[in-house]
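Structure, as structure tokens:
Residue numbers count from 1 along this sequence.
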Amino acid sequence: QVRLVESGGGLVQPGGSLRLSCAASGFTFSRSEMRWYRQAPGKERELVASIITTGTTAHYADSVKGRFTISRDNAKSTLYLQMNSLKPDDTAVYYCHAEGLGGWGQGTQVTVSL
């Protein structure tokens with residue numbers, strides 16, 4: 001069964017940084033486009049970033065472009081999201097997802113606040 005375990009969230013001040021990780025199992029990680037989503041309270045889940053199977057091409061939401069970097073380590077079946085210059089509007093639960101596969105993990109909470 002597909003399993004996605006997010007980690008690395010926490011409480012940071014505006015302007016701070018966090019690195020999120022997603023440990024994947026139950027499918028061939030290297031064959032799946034991977035995505036980071038986030039969901040803030042009262043808001044719809046939104047796509048933050050995506051990365052193709054080889055890791056050579058990535059796409060970002062305009063709201064995070066230039067601040068976030070998505071990457072992957074296929075040998076470790078792990079997806080990453082480096083988040084810099086964090087803003088209060090980045091506060092959300094962050095989820096990783098494999099394109100075309102069902103199921104969601106518990107996510108990891110990111111809170112940007114003084």
Test side-chain contact (heavy atoms from CB on, under 4.5 Å) applied to Ser32 - qualifying residues, sequence neighbours left out: Phe27, Met34, Ala98, Leu101
Non-neighbouring partners of Ser63 that pass side-chain contact (heavy atoms from CB on, under 4.5 Å), sequence neighbours left out: Arg38, Ala61
From CA spacing to verdict: side chain to side chain contact (heavy atoms under 4.5 Å, CB included), Trp104, Arg45: CA-CA 12 Å; Trp104 297 86; Arg45 182 185 290 119; 3.5 Å; yes
Nearest non-hydrogen partners of Ala92 and Tyr94, listed with the distance: O-CD1, 3.4 Å
Flag, side chain of Asn74 to backbone of Thr53, donor-acceptor distance under 3.5 Å: yes
Transitive ILVMFWY side-chain link Leu79 to Tyr37, under 4.5 Å: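 Leu79 and Tyr37: separate clusters.
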Val93 reachable from Val64 in the ILVMFWY side-chain graph, under 4.5 Å edges: no
Please output the side-chain donor-acceptor pairs of residues 4-26 that fall under 3.5 Å, not counting sequence neighbours, one pair per line with the distance.
unit_1 : atom_1 : unit_2 : atom_2 : d
Glu6   : OE1    : Gly107 : N      : 3.0
Glu6   : OE2    : Cys96  : N      : 3.0
Ser17  : OG     : Asn84  : OD1    : 2.9

Evaluation steps, side chain to side chain contact (heavy atoms under 4.5 Å, CB included), between Phe68 and Leu81: CA-CA 7 Å; Phe68 290 11; Leu81 185 67; 4.1 Å; yes
Heavy-atom side-chain contact between Val112 and Lys87 under 4.5 Å: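 No. Closest side-chain heavy atoms not under 4.5 Å.
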Student check: side-chain heavy atoms of Tyr80 and Thr69 closer than 4.5 Å: no
Qualifying residues under side-chain hydrogen bond (donor to acceptor under 3.5 Å, both in side chains), relative to Thr56, sequence neighbours excluded: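 So Thr56 forms a side-chain hydrogen bond (donor to acceptor under 3.5 Å, both in side chains) with Thr54.
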Any residue meeting salt bridge (Lys or Arg N to Asp or Glu O under 4.0 Å) with Arg67, in chain and number order, not counting sequence neighbours: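 Scan of Arg67 (salt bridge (Lys or Arg N to Asp or Glu O under 4.0 Å), adjacent residues dropped) gives Asp90.
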Pairwise distance CD1(Ile70) to CZ(Arg35) - rounded to 0.5 angstrom: 10.0 Å
Side-chain hydrophobic cluster, 4.5 Å single linkage: members besides Leu114: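 Members alongside Leu114: none; it stands by itself.
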Side chain to side chain contact (heavy atoms under 4.5 Å, CB included) evaluation trace for Val110 with Met83: CA-CA 10 Å; Val110 172; Met83 307 186 296; 3.8 Å; yes
Distance under 6.0 Å and angle within 45° of ring axis: Arg72 vs Phe29: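 Here Arg72 passes the 6.0 Å and 45° test against Phe29.
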